[in-house]
Amino acid sequence: MSEEMGDGVRSNFIWDMVDEHNVSGRFGGKVVTRFPPEPNGQLHIGHAKAIYIDFETARRYGGHCNLRMDDTNPSKEETDYIDAIQRDIHWLGYDWENRFFYASSYFEQIYQYAVQLIQKGAAYVCDLSPDEMRQFRGTLTEPGKESPYRERSISENLDLFQRMRAGEFPEGSRTLRAKIDMASPNLNMRDPVIYRIMFAHHHQTGDDWCIYPMYDFAHPLSDSIEGITHSLCSLEFEDHRPLYDWFCDQLEIHHPQQIEFSRLNLTYTVMSKRKLLKLVTEKHVSGWDDPRMPTLSGMRRRGYTPEAIHAFLEQNGISKTNSVADVSLLEYCLRADLENRAPRVMAVLDPVKVVIDNYPEGLVEEFEIPLYTQNPECEDSRQVPFTREIYIERDDFMENPPKKYFRLSPGTEVRLIKAYYITCTGVVKDDAGNIIEIHAEYDPLSKGGMSDDGRRVKGTLHWVSAAHAVDVELRLYDRLFNVPNPDDVPEGETFLVHLNPDSLNVVTAKTEPYLQNAEPGLQYQFMRKGYFIQDPDSTNNHPVFNQAVALRDSWAKQMAQG
RNA sequence: AGGGGCGUGGUGCAACGGCAGCACACCGGCCUUUGGAGCCGUGGAUCUUGGUUCGAAUCCGAGCGCCCCUGCCA
């Protein structure tokens, strides 16, 4: 049972537990989950893992997953984020249908549950200041002391709590606390605050409330109200589970099972909302959707596909081990997805001109080149003009090449993709010794990039006709941070010291004319270079493309090794 | 130190008392009108230590290491 369930996806400890519940009948075979983001920032790839687990668990068992804004703290939340969150989850391919909820819409019911707790003597109004409360809480090793207000009568508590709601007391002056155990080794059980006074305008409930429930109280109740069966969350809430259970038991309400899993971490980036917000507000990046950000909006703009992210999460797996996933797996998943779907076009990122001396001046040949060379079944193609003067990549030529260099050098012959073989006959340099022009001769019999004499041509280069080339701004991205773990910082420094100053490299490329009509939102493979997608900054006169990920380059790797 | 959790190749995940496997990364080779893709292959792991057992990554004991918890944040 723990191997596979026919859909080819590995099981994990969560699904094993759901299986057990289904065997025991604890939830009558039902599976209802929820994704409960707090709308105080944009979603990132770490959230994608939680979304994946919540929605896939529901799908796997024929249940459903709710989307619920966990909006119990009006001082930190913004309505803009609510739209962004929904957009990003839909982009990932998940749908909550008509089950979009706010914890804030349960405020009245949650309030009534609090009253019930008071009535059974399980909660009390406490007048301790925040500072005093800290002192009364005790430490990790010493038990806390009971609040002097702990034994107030039920009627006094009822009265005081009602007056808290009515706005009679200033912010911070009183709280409602669960009466549990000040000596508990689990600090969460030492009479936790469940309601605080906040005279804050709430983006959903306006000024209806001046008291707001804490997460620990609102979350189990919201789950219970929605009939959630499995409340899946990250590891740091493990210590809160006893509290979650305590509220459900005290109130004798539907009792979901909370299950914790480890968060996703990624090498060469940061994942906390606080840090991402800092990158945005301090303008180290252009915004939440900067293509270097691990946010879903950033990854979408970068050219990531939902399918690639899904494959990545599936490969990465689910466990309770604190771990850091290698970003190279993410990149592999993107390449694997785009390899199959991206049309192939030609762009020269760092152009140098080649003059084909024996090619007729003024002649323009149109080559029909398939767009999907990876799929011979697909006959879509475009016309690519070829002329006497073309651009190739500067590093596709070496005057004194090392061994095993297959590209162009004096006297060697290479193939221009789907065009001709050319042989280098010489170079022109400027005074500083830089190559400004390469001369070559072509073989007319190799038209289409193939000769029938069995000649072996090792190197194959992409090219663009100089006269027809379109200038395109390319944004080449590297890792945002230059160390695998940016959170590992020297004493007195912050993660910002690890920012990679070269994470964005803007170049002007020469591309074939076809790209003038590029389809927005479509990833293209620039042959031998990488996958690119048009950026929203593009205008008709000034096309801009983002590099989603470079192709693997074994020659560059070989060179780097020396 | 009290409580909660977690330790399997470089990384991430499997193996649920019975030959430690998969993916990425790494390295080598084949192939190629993308030095891409694809194909084949090499190397490399059970935190330590006792015990139970015919047999332990798995069960038990002890230890070690790492993460989380002293918000009126979530």
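Numbers restart at 1 for each chain; the letters A, B, ... are given by sequence-line order, proteins then strands. Every heavy atom of this structure was used, including side-chain atoms; hydrogens, water molecules and symmetry mates were not.
Within the cation-pi definition used here (under 6.0 Å to the ring centroid, within 45° of the axis), A/Lys320 does not qualify as a partner of A/Phe261. The cationic group of A/Lys418 does not satisfy the cation-pi geometry with A/Phe367, failing either the under 6.0 Å distance to the six-membered ring centre or the 45° limit from the ring axis.
One interatomic measurement links the two molecules: CD of A/Glu331 to P of B/rU11, which rounds to 18 Å at whole-angstrom precision. Counting to the nearest Å, the P atom of B/rG10 and the CG atom of A/Leu329 are 18 Å from each other. Going from atom CG of A/Asn316 over to atom P of B/rU11 covers 14 Å, rounded to whole Å. The separation between A/Phe13 atom CZ and B/rA15 atom P is 12 Å, rounded to whole Å. Atom-to-atom, CG of A/Asp181 to P of B/rG3 comes out at 14 Å; the value is rounded to the nearest Å. Between the CG atom of A/Asp19 and the C1' atom of B/rC16 there is a distance of 13 Å, rounded to whole Å. If you take CZ of A/Phe312 and C1' of B/rC24, they are 10 Å apart, rounded to a whole angstrom. Following rounding to the nearest Å, A/Asp337 (CG) and B/rA23 (P) show an atom-to-atom distance of 19 Å.
In this structure, the ring of A/Phe545 has its center no less than 6.0 angstrom from the ring center of A/Phe532.
Proximity of A/Tyr113 to A/Phe247: side-chain heavy atoms (C-beta onward) are nowhere separated by under 4.5 Å. In this structure, A/Thr305 and A/Leu338 have side chains that are in contact, with non-hydrogen atoms separated by less than 4.5 Å. Residues A/Tyr52 and A/His310 are in side-chain contact: their nearest non-hydrogen atoms beyond the backbone lie under 4.5 Å apart. Looking at A/Trp555 and A/Tyr405, their side chains come closer than 4.5 Å, going by heavy atoms from C-beta outward.
Here the separation of B/rG28 from B/rA37, taken at their P atoms, is 15 Å to the nearest Å. Nucleotides B/rG44 and B/rC22 have their P atoms positioned 15 Å apart, rounded to a whole Å. Remark: the separation of the C1' atoms in B/rU58 and B/rC19 is 15 Å, to the nearest Å. The same atom, C1', is picked in B/rA25 and in B/rC16; the two are 29 Å apart, to the nearest Å. B/rA57 and B/rA45 have their C1' atoms separated by 10 Å, with the value rounded to a whole Å. A distance of about 14 Å separates the C1' atoms of B/rC30 and B/rG35, rounded to the whole Å. Atom P of B/rG63 sits at a distance of 11 Å from the matching atom of B/rA1, rounded to the whole Å. If you take atom P in B/rU8 and the same atom in B/rC47, they sit 6 Å apart, rounded to whole Å.
The only member of A/Tyr442, A/Phe386, A/Tyr420 that meets ring-ring contact (aromatic ring centres under 6.0 Å, His included) when paired with A/Trp463 is A/Phe386.
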Contact state string [nucleotides 29-38 of chain B, B base, S sugar-phosphate only, - no protein heavy atom under 4.0 Å]: ----BBBBS-
Nucleotides 68-74 of chain B: protein proximity per nucleotide (B base, S sugar-phosphate only, - neither; heavy atom, under 4.0 Å): BBBSBBB
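Between A/Ser323 and B/rC13 there is a side-chain N or O to OP1 or OP2 distance below 4.0 Å. Residue A/Ser328 places none of its side-chain N or O atoms closer than 4.0 Å to OP1 or OP2 of B/rC24.
Using N1 to N3 plus N6-O4 or O6-N4 for Watson-Crick, or N1-O2 and O6-N3 for G-U wobble, each under 3.5 Å, B/rC66 pairs with B/rG5. Nucleotide B/rC22 forms a pair with B/rG12, judged by Watson-Crick or G-U wobble geometry with both contacts under 3.5 Å.
Using a distance-only test at 3.5 Å, with no hydrogens or angles considered, a donor-acceptor pair links the side chain of A/His47 to the main chain of A/His44. The main-chain N or O of A/Asp191 is found under 3.5 Å from a side-chain atom of A/Arg177 such that the two form a donor-acceptor pair.
The base of B/rC16 is paired with the side chain of A/Asp16 by a donor and an acceptor separated by under 3.5 Å.
With a glycosidic angle no further than 90° from 0, B/rG71 counts as syn.
In the model, A/Asn375 has no side-chain atom that pairs as donor or acceptor with a side-chain atom of A/Glu377 under 3.5 Å.
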